[in-house]
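Below is one structure, written out as structure tokens, with a few remarks after it.
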Amino acid sequence: MRLTRSQLAVPAADAARVLLGARVVSTIGGERVVVRLTEVEAYAGPLDPASHAYRRTVRSEIMYGPAGHLYVYFVYGMHWCANIVTGPDGTASAVLLRGGEVIRGLAPARERRPTARRDADLARGPAGLAAVLGVRGTDSGTDLFDPDTMLELRAGTRPPVSVAHGPRVGVSAAADKPWRFVEVGNPTVSAYRRGTRATRSRPS
DNA sequence: CGTCCGATACACT
DNA sequence: GTGTATCGGACGC
């Protein structure tokens, strides 16, 4: 069963709970990869200093539009990360897809991420998940409810056994917000890493 | 298991 | 010019 746009048109933390356990179906050139989401993070737009939409720029413009579109960004000179725009139109909130288990299409997933040691590592972490789904910068802005889209969102067949939430990974601003949601005990959930500290020591 | 650190290029100031 | 919503290899326990 497909998710609906209205299911995502809710505050980011609620949308994150909707997406946890949901499936993302990637179809590219006849190759199909299906991932069940096990780790997601909510970003609350202009109200959230950790969000790219904290300031309205060309890059963050997509998040100001309706829910159900893809927002893709490039980090650390080499990785793509995939988000789904959520919330009512104009709130600019989004959910970062941080991890999942590949439940179909192991072979193409491996080709797209050959460095993964175990199957559980294939879509572990946001950059790996985006790679396995074949998401790149040119896909940013894609409407996931367009019938011809490369990605399709489907409801989960297995709800998460147990859900925990805590601080987001790698963010330095609003580090206290418990907006990272994970399926407890799932091996595809990435390790928690604190963001770089605001106060840094300087060489003397 | 954990911590440390370099790679690399883009968005934004 | 500065900082980054990361990854994976090196190392220590």
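Chain naming here is simple, since letters A, B, ... match the order of the sequence lines and numbering starts at 1 in each.
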- request: May I ask you to say whether A:D143 pairs ionically with A:R5, meaning some side-chain N is under 4.0 Å from a carboxylate O?
  value: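 Salt bridge between A:D143 and A:R5, a charged N being under 4.0 Å from a carboxylate O: yes.
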- prompt: How about A:R117: does its CZ atom have over 12 heavy atoms from other parts shown lying under 6.0 Å from it?
  reply: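 Counting neighbours around CZ of A:R117, 12 or fewer heavy atoms of other residues, nucleotides or ligands fall under 6.0 Å, so no.
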Pi-cation contact, A:F145 with A:R2 (under 6.0 Å, within 45°):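 That pair does not qualify as a cation-pi contact.
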query: Does A:R56 make a cation-pi contact with A:Y64 (under 6.0 Å, within 45 degrees of the axis)?
result: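 Yes; both conditions hold, so A:R56 lies above the ring face of A:Y64.
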Give each protein N/O atom lying under 3.5 Å from an N/O atom of nucleotides 1-9 of chain B, with the pair distance.
from, atom 1, to, atom 2, distance (Å)
B:dT8, O2, A:Y76, O, 2.5

message: What verdict does the salt bridge (charged side-chain N to carboxylate O under 4.0 Å, His left out) test give for A:E183 and A:R158, after you've listed the backbone C-alpha separation in whole Å, the side-chain angles of each residue and the deciding distance to 0.1 Å?
response: CA-CA 11 Å; A:E183 180 178 44; A:R158 255 181 307 142; 5.7 Å; no
task: Return the minimal non-hydrogen interatomic distance between A:A116 and A:L122, and the atom names on each side.
output: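 That closest heavy-atom pairing would be CB-CD2, 3.7 Å.
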Main-chain N/O of A:R55 paired to A:S60 side chain as donor or acceptor, under 3.5 Å: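 Yes; judged by distance alone, with no hydrogens or angles, the pair exists.
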message: Quick one: does any side-chain atom of A:S140 pair with a main-chain N or O of A:V72 as donor and acceptor, under 3.5 Å?
response: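 Yes.
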query: Of the residues in residues 92-128 of chain A, which ones touch DNA chain B at a heavy-atom distance under 4.0 Å?
result: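 Residues of residues 92-128 of chain A that come under 4.0 Å of DNA chain B do not exist, since none gets that close.
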query: Would a hydrophobic clustering, with Ile, Leu, Val, Met, Phe, Trp and Tyr connected at side-chain separations under 4.5 Å, put A:V169 with A:Y43?
result: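 The answer is no; the residues belong to distinct hydrophobic clusters.
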message: Both distances below 3.5 Å, Watson-Crick or wobble geometry, any strand: find the nucleotide opposite B:dT8.
response: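 WC or wobble partner does not exist here.
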Nearest-neighbour nucleotide for the A:R59 side chain, B:dA11, C:dA5, B:dT13 considered: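 The listed nucleotide nearest to A:R59's side chain is B:dA11.
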Side-chain-base donor-acceptor pair under 3.5 Å for A:H52 and B:dA11: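 When only heavy-atom distances are counted, A:H52 does not reach the base of B:dA11 through any donor-acceptor pair under 3.5 Å.
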Rounded to whole angstroms, how far apart are [atom1] on [X] and [atom2] on [N]?
X	N	atom1	atom2	value
A:F181	C:dA5	CZ	C1'	15 Å
A:D176	C:dA5	CG	P	16 Å
A:W80	C:dA5	CH2	P	15 Å
A:Y71	B:dC10	OH	P	15 Å

message: Does C:dT4 have OP1 or OP2 under 4.0 Å away from a side-chain N or O of A:S172?
response: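 It does, given that an N or O in the side chain of A:S172 lies less than 4.0 Å from OP1 or OP2 of C:dT4.
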